[in-house]
Amino acid sequence: MKPFTYESLPGRVVFGPGRVTEVRAEVEALDRARVFLIADGAAKALGDAVAEQLGDRMVRRWDEVVQHVPVELADRARAAATEAGADVAVCLGGGSSTGLAKALALSHGLPIVAVPTTYAGSEMTPIYGLTGGRHKQTGKDLGVLPKVVIYDPELTLGLPTGVTGPSAFNALAHCVEALYAPGCNPVTSALALEGVRAIHRSLPTVMDRPDDLDARTELLYGAYLAGVSLATTGTGLHHKLCHVLGGTFNLVHADTHSVILPHAVAFNRDALPGEMARLAEALGVPGGDPAGALWDLAVASHVPTSLADLGLREEDLPEAAHRAAAEITVNPAPVDEAALAGLLERAFAGDRP
């Protein structure tokens with residue numbers, strides 16, 4: 001085994017059905033009294049319940065949440081937090097809610113209590129993103145890592161399958177890239193492969209029986225491991241492509257993952273024989289092709305497999321390849337604009353890699 005360095009990130013995880021009722025207690029444990037509550041539109045009922053739980057500790061409620069966190073929106077939320085004198089952010093909902101809370105943490109130093117209702121994994125990472133001028137700028141700052149994350153699988157029971165599947169593939173992509181992203185090591189790989197196994201086992205069941213709490217719990221567990229894996233390694237070719245597709249062409253970020261991931265794995269397959277063998281085993285095809293297994297999982301889970309189906313135009317592919325080539329500086333297989341154009345063309349067609 002090669003020498004390695006593993007740095008465990010700080011944070012408290014509260015996991016289990018019904019544990020959303022502990023939001024106020026977690027805020028109090030942080031010794032904070034003025035809550036800026038972020039709840040996206042899909043989490044309105046949850047926002048009402050948490051607002052009632054917080055009582056007079058909530059000083060401002062914010063429900064305007066947009067994917068990719070536009071800079072203009074972040075600036076307005078920051079001004080509102082200043083006006084309210086907030087000293088902690090509680091965010092409810094998907095990755096965009098967490099992203100907006102991170103913008104407040106970045107500028108105001110507010111600690112975050114995150115209650116995710118999707119499988120994005122962003123709640124476990126010190127990675128933030130802000131979008132302006134058709135470009136998504138990402139960065140890493142330990143100050144934006146939530147202090148507390150409350151995972152309550154009951155909150156995912158009402159999540160539509162059209163959100164569940166792509167969101168779970170986002171988590172799966174975090175696990176896959178953690179196997180070879182800069183900073184990977186035996187500890188992060190063990191966590192990532194366990195995440196792959198949990199998601200692979202549970203996702204088709206959840207898509208066919210959305211009210212299966214046991215399957216939802218395992219899927220959320222996999223997403224948690226995906227977030228940990230991402231936080232302690234990083235992102236690579238796959239996520240850079242997805243950020244370009246979202247930030248430049250406004251495609252739904254989660255939807256791009258199930259389309260791009262099989263083709264990104266196929267792109268790196270020959271350069272990573274050991275990692276790909278372990279990935280194939282975690283996907284239930286020992287000795288087989290992990291790229292094909294991921295495409296098969298996408299089909300079995302009824303999630304998108306083609307960029308054309310997401311609304312990207314074929315004439316946009318050269319610009320996407322050009323922008324992505326400028327973003328990707330490290331990858332196991334050689335990367336240039338022509339190679340990325342080929343990958344994107346295959347993803348646009350949606351054929352099995």
Side-chain angles (χ1 to χ4, degrees), residues 8-63 65 81 84 86-102 104-105 108-126 142-159 164 167 171 195 198 202 211-228 231:
S8 180
L9 296 177
R12 174 176 165 85
V13 171
V14 179
F15 191 105
R19 302 203 70 177
V20 69
T21 58
E22 300 173 34
V23 170
R24 182 182 176 113
E26 294 297 334
V27 168
E28 291 172 348
L30 291 172
D31 195 25
R32 301 290 167 148
R34 301 182 64 80
V35 177
F36 190 94
L37 178 64
I38 301 171
D40 63 29
K44 183 182 184 307
L46 174 60
D48 293 343
V50 172
E52 183 177 356
Q53 181 188 147
L54 290 169
D56 60 4
R57 285 183 180 263
M58 187 183 75
V59 295
R60 180 64 190 267
R61 179 167 173 176
W62 187 274
D63 61 6
V65 175
D87 64 5
V88 61
V90 173
C91 56
L92 318 171
S96 297
S97 291
T98 306
L100 185 58
K102 287 181 175 183
L104 296 179
H108 286 53
L110 298 188
I112 299 171
V113 176
V115 184
T117 59
T118 69
Y119 308 105
S122 141
E123 67 280 352
M124 292 306 301
T125 81
L142 197 58
V144 309
L145 179 70
K147 301 296 185 186
V148 182
V149 180
I150 299 176
Y151 287 107
D152 187 337
E154 289 182 348
L155 301 180
T156 67
L157 289 173
L159 196 65
T164 294
S167 178
S202 58
D211 60 349
D212 188 319
L213 183 58
D214 288 342
R216 286 279 189 184
T217 299
E218 184 169 31
L219 186 55
L220 193 60
Y221 166 66
Y224 155 57
L225 292 175
V228 174

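Just so it is clear, the values below take in all heavy atoms, side chains as well, and ignore hydrogens, waters and symmetry mates.
- For the pair L30 and V27, the minimum side-chain heavy-atom distance is 4.5 Å or more.
- Looking only at distances, a side-chain donor or acceptor of Q53 sits under 3.5 Å from a matching main-chain atom of V23.
- Minimum heavy-atom separation, P10 to L145: O-CD2, 3.0 Å.
- Between the R34 side chain and the A84 main chain, a donor and an acceptor come within less than 3.5 Å of each other.
- Between F15 and Y224, the ring planes lie tilted relative to each other; the angle falls in the 30° to 60° range.
- Side-chain atoms of T117 never come within 3.5 Å of backbone atoms of L155 as a donor-acceptor pair (strictly under, hydrogens ignored).
- Between L92 and G47, the closest heavy-atom pair is CD1-CA, 3.6 Å.
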(message) Applying salt bridge (Lys or Arg N to Asp or Glu O under 4.0 Å) to K44 and D48, what does each step give before you reach the verdict?
(response) CA-CA 6 Å; K44 183 182 184 307; D48 293 343; 3.2 Å; yes
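- Note: T21 OG1 to E154 CD = 9.5 Å, rounded to the nearest 0.5 Å.
- Side-chain atoms of V20 and V50, non-hydrogen and from C-beta on, do get closer than 4.5 Å to each other.
- Side-chain atoms of C91 and L100, non-hydrogen and from C-beta on, never get closer than 4.5 Å to each other.
- Side-chain N or O atoms of D152 include one that pairs as donor or acceptor with a backbone N or O of G18 at under 3.5 Å.
- In this structure, S122 and G95 approach most closely via the heavy-atom pair OG-O, 4.3 Å.
- Within the 4.5 Å cutoff, no side-chain heavy atoms of R216 are placed close to those of L220.
- Taking 4.5 Å as the limit, every side-chain heavy atom of V228 sits out of range of all side-chain heavy atoms of L9.
- A side-chain donor-acceptor contact under 3.5 Å links D40 to the backbone of G94.
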(request) Take I112 and E123, measure what side-chain contact (heavy atoms from CB on, under 4.5 Å) needs, and give me the verdict at the end. (result) CA-CA 9 Å; I112 299 171; E123 67 280 352; over 6 Å; no
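- Judged by distance alone, with hydrogens and angles left aside, the side-chain atoms of R57 form a donor-acceptor pair with the main-chain N or O of R32 at under 3.5 Å.
- With hydrogens and angles ignored, the 3.5 Å screen pairs no side-chain donor or acceptor of K147 with any backbone N or O of E26.
- The shortest distance between side-chain heavy atoms of L219 and T156 does not fall below 4.5 Å.
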